[in-house]
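Read the numbers this way: they start at 1 and go in the same order the structure lists the ligands and their atoms.
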Amino acid sequence: MPKAISVRSRPLGIFDSGIGGLTVADAIRERMPGEQLVYFGDTAHLPYGDKSEESIKKWSVCIADFLLAQGCKAIVIACNSISAVAYSAVKKRVGPGIPVINVIDPVVGHVCSEKNFKHVGVIGTKATIRANVYAAKLNRKRPDMTVSSLATPLLAPMIEEGFFNNSISRTIINDYLSRTKLKKIDSLILGCTHYPLIRPEIDAFYKGRIEVFDAAGIVADAVKAVLDSENLSYSGKRKPQHHFYVSEYTTAFEKSTRIFFKGKVRLQQKNLWR
Ligand code: DGL
């Protein structure tokens, strides 16, 4: 039964600690140009990857409340750290009827349905790697798979500060990717939504020797599938006006919205914790 047009016209909420989620938001915009997006980047608390589980849960639930108050019809957690430690808390808070999509499940499903990878590497924040969710979910589907996870905590703050595609980012990336843990992998999951921004440098390191997966396109496809199956997709013609909120204004975020997100961006500061 198709949902009422008023429900399907409502915005889609997306959140992350900062600019990383824009990689997912942009892939969603590309596939579903009529959807109106409300994006929240918690730049006041970033990076989430170094924070406690308790704090990540507390902030995430609060952002979910904000997105619900904006009338969002579905919520995308465009952050691995939040997906790894606070997905259930957010889902519980949002309640039934409003889908909550995390970034980990679609990527795990995709990697397991691809070639028969034997040894998968995962890089991500400390919070994501500590939670060990990727290894647990991959091994649940493919018990024979070896999963080597490495925390790469410098990468998200580095990207957030605008350091990518330069000699500093290259040095840090090459150092992490050369670690013994990742020596024998045949595929690598970029387990942080910031990392598509350094994808060219990661590809340059591997020179096609292994398969690299980032979440943006995979998650956007999953979001489209959920909206379609729940009859929540917007089917009309409109040029949506997206809203981008940050808990603390940062020039890096402003610059990045313009680089990574096509279309008009009106940045608004919203401190949910004042
Ligand atoms: N983009 C986030 C992720 O996918 C994390 C960045 C941060 O540590 O704040 O894990």
(message) Less than 4.5 Å apart, side chain to side chain, heavy atoms only: is that true for K270 and F40?
(response) yes

(message) Any salt bridge linking D203 with K207? Criterion: basic side-chain nitrogen under 4.0 Å from a carboxylate oxygen.
(response) no

(message) Looking only at side-chain N and O atoms, does S247 offer a donor or acceptor that is under 3.5 Å from a partner on D42?
(response) yes

(request) Do me a favour and list the nearest non-hydrogen protein atom to atom 10 (O) of ligand 1 with residue, atom name and distance? (result) S81 OG, 2.9 Å

(request) Pick one of side chain, backbone, both or neither for how A156 approaches ligand 1, counting any non-hydrogen atom pair under 4.0 Å. (result) side chain

(request) Identify the protein heavy atom lying closest to atom 3 (C) of ligand 1, giving its residue, its atom name and the separation to 0.1 Å. (result) N80 N, 3.2 Å

(request) Considering heavy atoms of the protein only, find what lies nearest to atom 2 (C) of ligand 1 and give residue, atom and distance to 0.1 Å. (result) C79 SG, 3.3 Å

(request) Name the closest protein heavy atom to atom 9 (O) of ligand 1, giving the residue it belongs to and the distance to 0.1 Å. (result) S17 OG, 2.5 Å

(message) I need the I259 CD1 to D26 CG distance, nearest 0.5 Å.
(response) 12.0 Å

(request) Would you check if there is a donor-acceptor pair between the side chains of Y48 and D16 at a distance under 3.5 Å? (result) no

(request) Taking atom types as modelled, find out whether R8 and S235 have a side-chain donor-acceptor pair closer than 3.5 angstrom. (result) yes

(message) Which residue and atom name correspond to the protein heavy atom nearest atom 1 (N) of ligand 1, and how close is it?
(response) H194 ND1, 2.7 Å

(request) Ignoring angles and geometry beyond distance, decide whether T125 reaches within less than 3.5 Å of ligand 1 through its nitrogen or oxygen atoms. (result) no

